[in-house]
Amino acid sequence: MWAILTKPGTRGQQWDESSFFQTGRVEIRFRMRDLAERGIYPSGSALDFGCGIGRLSQALAERFDRVTGVDIAPTMIQKAQQLNRFPDSCTYVVNAAPHLQIFPDSAFDFIYSNITLQHMEPEYAFGYLAEFVRCLKPGGTLLFQLPDHESGRGMADTMRRWAKRWLGMRNYRRLSDIGQSLVFGFRPRMEMYGTNPELVRNILEQAGARVLDVWPNDHAGGNWISYWYACSLDPHDMGHDLG
Ligand SMILES: C[S@@+](CC[C@H](N)C(=O)[O-])C[C@H]1O[C@@H](n2cnc3c(N)ncnc32)[C@H](O)[C@@H]1O
């Protein structure tokens, strides 16, 4: 649970399971409120992309008719299945592919993703964004979180930003991995990536979505500037005749 939500004091099996799932309930309540303030009231079928052990899928299952949680990690999905309180309406699937071809076009009324796209190299996140749009029903809503950049002003932050720009993100990561393992020895770490909101908007619009609103959040933690993106797929925005 700490690998999913790094709340201080919860490392080393210190999360209480019911408090952990309660955070999901609170989060989904806030997101539904955010959407309601924008005149959007999703219902029907929902996809939770990067579902982990189902913190958000379970909360969605309290509101939606059908929920699908998808994750790249079989261990996460296995645990999610064990903790599934809605076996009739909530299902979990593993998908390690860089696309969502396991789902047909227009499969979901609502697609949600939080603290997931930020952990993969942007080229993968962009591929999934286009897939979200393909999998969204006309009239459906897509809501996801993605950071932009780190806002630190210290000397180390400025040098890191320069190094990223100068070396390119991939080379920067490689060098930083080598440096960290020389200093600390090998240890797992969480990768973080940010993407410029204009680029995100272009990708979504090219895929056929309408970006309804973009607003900030603090979900990426640290000095990261992070945003919610709410999008819709209007029938008349689609490139083909729906009959
Ligand atoms: C920080 S956890 C967040 C889990 C969940 N969204 C939540 O907020 O409780 C990120 C999750 O994304 C999953 N993930 C990473 N890359 C993925 C990918 N390409 N496709 C699906 N899931 C992915 C990880 O396995 C992990 O379970």
Side-chain angles (χ1 to χ4, degrees), residues 1-8 10-11 14-32 34 46-64 67-86 90-103 107-108 110-135 142-147 169 173 188-195 200 203 217-222 224 226-229:
M1 287 183 261
W2 180 82
I4 290 167
L5 219 51
T6 55
K7 189 179 161 201
T10 59
R11 195 170 191 163
Q14 294 306 304
W15 260 113
D16 159 63
E17 199 176 286
S18 75
S19 317
F20 177 80
F21 278 93
Q22 180 60 16
T23 64
R25 229 173 263 128
V26 172
E27 176 174 328
I28 293 301
R29 193 188 316 138
F30 277 120
R31 291 302 76 76
M32 292 301 132
D34 289 347
L47 174 70
D48 176 15
F49 176 77
C51 63
I53 65 169
R55 185 179 73 92
L56 303 165
S57 317
Q58 292 292 290
L60 289 167
E62 291 177 3
R63 295 168 180 263
F64 287 79
V67 175
T68 306
V70 62
D71 202 282
I72 197 171
T75 45
M76 289 286 186
I77 292 298
Q78 201 181 358
K79 190 77 186 162
Q81 282 163 342
Q82 280 168 17
L83 298 172
N84 190 359
R85 293 184 300 113
F86 305 89
C90 180
T91 50
Y92 293 107
V93 280
V94 176
N95 180 59
H99 52 70
L100 297 174
Q101 291 293 333
I102 51 166
F103 305 122
F108 302 101
F110 182 57
I111 300 180
Y112 185 67
S113 188
N114 190 16
I115 51 173
T116 293
L117 294 163
Q118 63 184 16
H119 294 307
M120 60 187 80
E121 291 186 16
E123 65 187 83
Y124 294 106
F126 298 165
Y128 289 122
L129 292 184
E131 282 290 80
F132 293 163
V133 178
R134 180 186 64 76
C135 294
L142 163 63
L143 179 62
F144 66 90
Q145 170 268 352
L146 199 57
M169 201 58 201
R173 287 279 171 203
R189 65 172 172 77
M190 287 189 197
E191 297 179 23
M192 280 292 291
Y193 299 92
T195 303
V200 178
I203 289 162
N217 62 55
D218 59 4
H219 284 259
W224 286 89
S226 173
Y227 292 103
W228 291 116
Y229 294 80

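Atoms within a ligand are numbered from 1 in the order they appear, just like the ligands themselves. Predicted model, so just to flag it, every value in this text is computed and none were measured. Atom set for the values below is all heavy atoms of this structure, side chains included, hydrogens, waters and symmetry mates excluded.
Ligand 1 has a nitrogen or oxygen under 3.5 angstrom from a nitrogen or oxygen of Tyr128. Of the N or O atoms in Asn95, none lie within a sub-3.5 Å distance of an N or O in ligand 1. The shortest N/O to N/O separation between Gly50 and ligand 1 falls below 3.5 Å.
Heavy-atom proximity to Phe49, at under 4.0 Å, picks out these atoms of ligand 1: 18 (C), 20 (N), 21 (C). Counting atoms of ligand 1 from 1 in the listed order, those under 4.0 Å from a heavy atom of Ala73 are 25 (O). Close contacts of ligand 1 with Met120, meaning ligand atoms under 4.0 Å from a residue heavy atom, involve 16 (N), 17 (C), 18 (C), 19 (N). Annotation for ligand 1: atoms under 4.0 Å from non-hydrogen atoms of Asn114 are 6 (N), 8 (O). The Met76 neighbourhood of ligand 1 comprises atoms 27 (O), with distances under 4.0 Å to a heavy atom of that residue.
Neither the backbone nor the side chain of Tyr124 comes within 4.0 Å of ligand 1, counting heavy atoms alone. The proximity of Ile53 to ligand 1, defined as any non-hydrogen pair under 4.0 Å, does not occur for either the backbone or the side chain.
When the heavy atoms of Thr6, Asp71, Thr116, Ile115 are ranked by distance to atom 25 (O) of ligand 1, first place goes to Asp71. Residue Ile72 holds the heavy atom nearest to atom 17 (C) of ligand 1 of all those in Ile72, Ile77, Val93, Thr75. Nearest to atom 9 (O) of ligand 1 by heavy atom, out of Glu121, Arg55, His219, Met1, is Arg55.
In this structure, the side chain of Arg134 engages the main chain of Phe103 through a donor-acceptor pair within 3.5 Å. No donor-acceptor distance shorter than 3.5 angstrom exists from the side chain of Thr116 to the backbone of Ser113, with no hydrogens or angles considered. Although no hydrogens or angles enter the test, the distance criterion places a donor-acceptor pair under 3.5 Å between the side chain of Asp71 and the main chain of Cys51. Using a distance-only test at 3.5 Å, with no hydrogens or angles considered, no donor-acceptor pair links the side chain of Asp48 to the main chain of Val67.
Taking the six-membered ring where tryptophan is involved, the planes of Phe110 and Phe64 are essentially parallel, since the angle between them stays under 30° and well short of 60°.
Under the side-chain contact (heavy atoms from CB on, under 4.5 Å) rule, Leu117 has a single partner from Phe126, Phe132, Tyr124, which is Phe132.
With ring centers used as reference points, Phe49 lies 6.0 Å or more from Phe144.
Listed here is the closest heavy atom pair of Gln118 and Leu146: N-CD1, 4.0 Å.
With rounding to the nearest 0.5 Å, the separation of CZ in Arg31 from OH in Tyr112 is 5.0 Å.
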